[in-house]
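In what follows, a single structure is set out as structure tokens and then discussed.
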2 protein chains.
Amino acid sequence: MAHRSRKEMIAETRAKLVAAARRAFGTVGYAEASMDDFTASAGLTRGALYHHFGDKKGLLQAVIAEIDAEMFARLKVVSTRADTLWRGFVDECTAYIEMALEPEIQRIVLRDGPAVLGDPSQWPSQSECIRSMTENLQKLRDEGTIVAIDAEAAARVISGASLHAAQWIANSDDPEATSKKAVKAFNVLLDGLLK
Amino acid sequence: MAHRSRKEMIAETRAKLVAAARRAFGTVGYAEASMDDFTASAGLTRGALYHHFGDKKGLLQAVIAEIDAEMFARLKVVSTRADTLWRGFVDECTAYIEMALEPEIQRIVLRDGPAVLGDPSQWPSQSECIRSMTENLQKLRDEGTIVAIDAEAAARVISGASLHAAQWIANSDDPEATSKKAVKAFNVLLDGLLK
DNA sequence: GATAATATCATACGAGGCGTATGTCAATAA
DNA sequence: TTATTGACATACGCCTCGTATGATATTATC
């Protein structure tokens with residue numbers, strides 16, 4: 001059946017554009033990605049892009065929203081399957097670092113995203129991950145496991161440390177060894193939270 | 001005296017280009033800065049730019065190197081005038097955060113720089129600040145003030161936390177209140193380092 | 001079931017930015 | 001004084017982006 005309902009066709013077009021852009025942004029980067037090229041690779045033209053996303057930045061937002069939703073889902077799985085809150089939180093941080101090691105995330109979410117869309121702490125999407133972390137920290141506070149600090153502040157500072165550690169690891173000569181050192185240092189800092 | 005030695009003329013040209021680019025990059029951003037425009041604002045053309053810096057990226061590198069040298073000098077002053085090593089280190093971290101609050105540094109060094117030149121941990125310049133922090137941590141380790149961890153790893157993780165905290169503060173609705181919360185959370189993490 | 005209306009997407013056009021190739025002029029060297 | 005080198009400007013073509021316009025198919029209306 002070549003023809004499905006109109007809504008499905010539209011959703012498919014949007015999905016194809018997002019997928020093509022994601023591939024292009026993730027490899028050559030946002031600035032180097034030609035709209036003519038990657039829309040053509042999806043069997044479309046820039047006309048479709050401008051119709052659905054307004055401009056190149058709009059498409060980047062859509063790509064980031066998609067990636068971020070995936071990240072959020074992955075974090076959720078990790079944090080909920082641990083047997084203690086603290087353990088779940090630490091696992092979540094580790095998963096955060098591991099995700100930030102992926103080239104696509106580094107390029108699109110951590111480098112081009114901030115440059116094009118401004119500071120990530122203002123994005124509606126990035127807040128998802130931060131909020132997840134914030135909630136866990138709040139519970140740990142209520143539980144009495146960690147010291148009394150502002151949960152969101154801690155979440156932001158910790159995520160910053162994670163992301164930075166990840167980028168250092170990913171771009172080092174010996175990622176294996178660097179990872180060990182970074183995780184150790186990171187855990188030492190986290191211990192500062194414990195009572 | 002309109003004409004000075006040739007070397008001085010060249011140095012002046014380079015300085016004018018760097019200054020003009022720094023202004024443009026710091027306000028409208030790297031991507032939006034037109035080479036024709038900001039070279040003209042320095043009384044020059046793109047010809048001079050290509051001759052001295054190769055291309056637009058080369059000029060960005062020069063601008064970042066200049067800013068980074070300034071940051072390094074400021075950090076050095078802060079860390080050396082404290083009466084204890086630990087105090088100097090904490091002050092240095094605070095100064096780091098305060099510098100990262102400045103719009104020019106945020107835009108050029110923290111956002112556009114990484115997007116255009118790749119991960120900062122690979123830059124020769126950024127390493128200056130990290131190395132300063134690493135050295136201090138190493139001394140603190142030798143002194144027995146902090147636990148035994150890899151000094152560079154700790155420096156990188158901490159700087160990541162600082163930068164992230166700074167960006168959160170700078171872009172928040174109430175920077176004053178946010179700053180208090182962030183600094184408190186940050187200090188809690190630092191306490192994790194102490195024996 | 002025919003027509004009108006609307007939305008989706010393609011095509012065509014103009015503007016601006018980048019990089020290179022070339023030219024000019026001044027300063028140093030011989 | 002002349003030759004040479006290097007600093008910088010000018011001119012050109014290519015590519016990319018955004019908009020305005022146009023074609024086509026689907027849904028709505030009667």
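Below, chains carry the letters A, B, ... as their sequence lines are ordered, and counting in each starts from 1.
Salt-bridge check for D83(A) with R87(A): failed, with every basic side-chain N at 4.0 Å or more from each acidic carboxylate O. With respect to R74(B) and E70(B), no salt bridge is recorded, no charged nitrogen being found less than 4.0 Å from a carboxylate O. A salt bridge between D150(A) and K184(B) is absent, with no side-chain N of the basic residue lying under 4.0 Å from a carboxylate O of the acidic one. Using a cut-off of 4.0 Å between Lys/Arg side-chain N and Asp/Glu carboxylate O, E143(A) and K139(A) are scored as not salt-bridged. Looking at E104(B) and R22(B), a side-chain N of the basic residue comes within less than 4.0 Å of a carboxylate O on the acidic one, giving a salt bridge.
Of the two residues contacting DNA chain D, namely G47(A) and M35(A), the nearest-nucleotide position lying further toward the 5' end is that of M35(A).
Distance from the side chain of D37(B) is smallest for dG17(C) among the nucleotides dG17(C), dG18(D), dT10(D).
Regarding M9(A), its CE atom lies at a distance of 14 Å from the C1' atom of dT27(D), rounded to whole Å. Atom OH of Y50(A) and atom P of dT11(C) are 16 Å apart (whole Å). When rounded to the nearest whole Å, the span between CD1 of I10(A) and P of dT8(C) equals 4 Å. For E8(A) and dA25(D), the CD to C1' distance is 16 Å, given to the nearest whole Å. The CG-C1' distance, from D36(B) to dA15(C), rounds to 13 Å in whole Å.
The two residues K57(A) and V116(A) make their nearest non-hydrogen contact at CG-CG1, 3.5 Å. In terms of heavy-atom proximity, P114(B) sits nearest to W123(B) at N-CZ2, 3.6 Å. Across all their heavy atoms, A155(A) and M133(A) have their closest contact at O-SD, 3.8 Å.
Residues from residues 51-67 of chain B lying near DNA chain D, meaning a heavy-atom separation below 4.0 Å, are H51(B), H52(B) in numerical order. Taking a 4.0 Å limit (strictly below) on heavy-atom distances, residues 13-25 of chain B reaches DNA chain D at T13(B).
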List, with names and distances, any nitrogen or oxygen atoms from the protein found under 3.5 Å away from nitrogen or oxygen atoms belonging to nucleotides 11-15 of chain D.
none

* **side chain to side chain donor-acceptor pair (under 3.5 Å) between S121(A) and Q167(B), intermediate numbers included** => CA-CA 8 Å; S121(A) 55; Q167(B) 300 209 56; over 6 Å; no
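Using a 4.0 Å heavy-atom criterion, one finds that A33(A) contacts the sugar-phosphate atoms exclusively. In this structure, L49(A) reaches neither bases nor backbone, as no heavy-atom distance under 4.0 Å exists between it and the strands shown.
The hydrophobic cluster containing I149(B) also contains V90(A), counting ILVMFWY residues as joined when their side-chain heavy atoms lie under 4.5 angstrom apart, directly or transitively.
Within a 6.0 Å radius of CD in E32(A), other residues, nucleotides and ligands contribute 12 heavy atoms or fewer.
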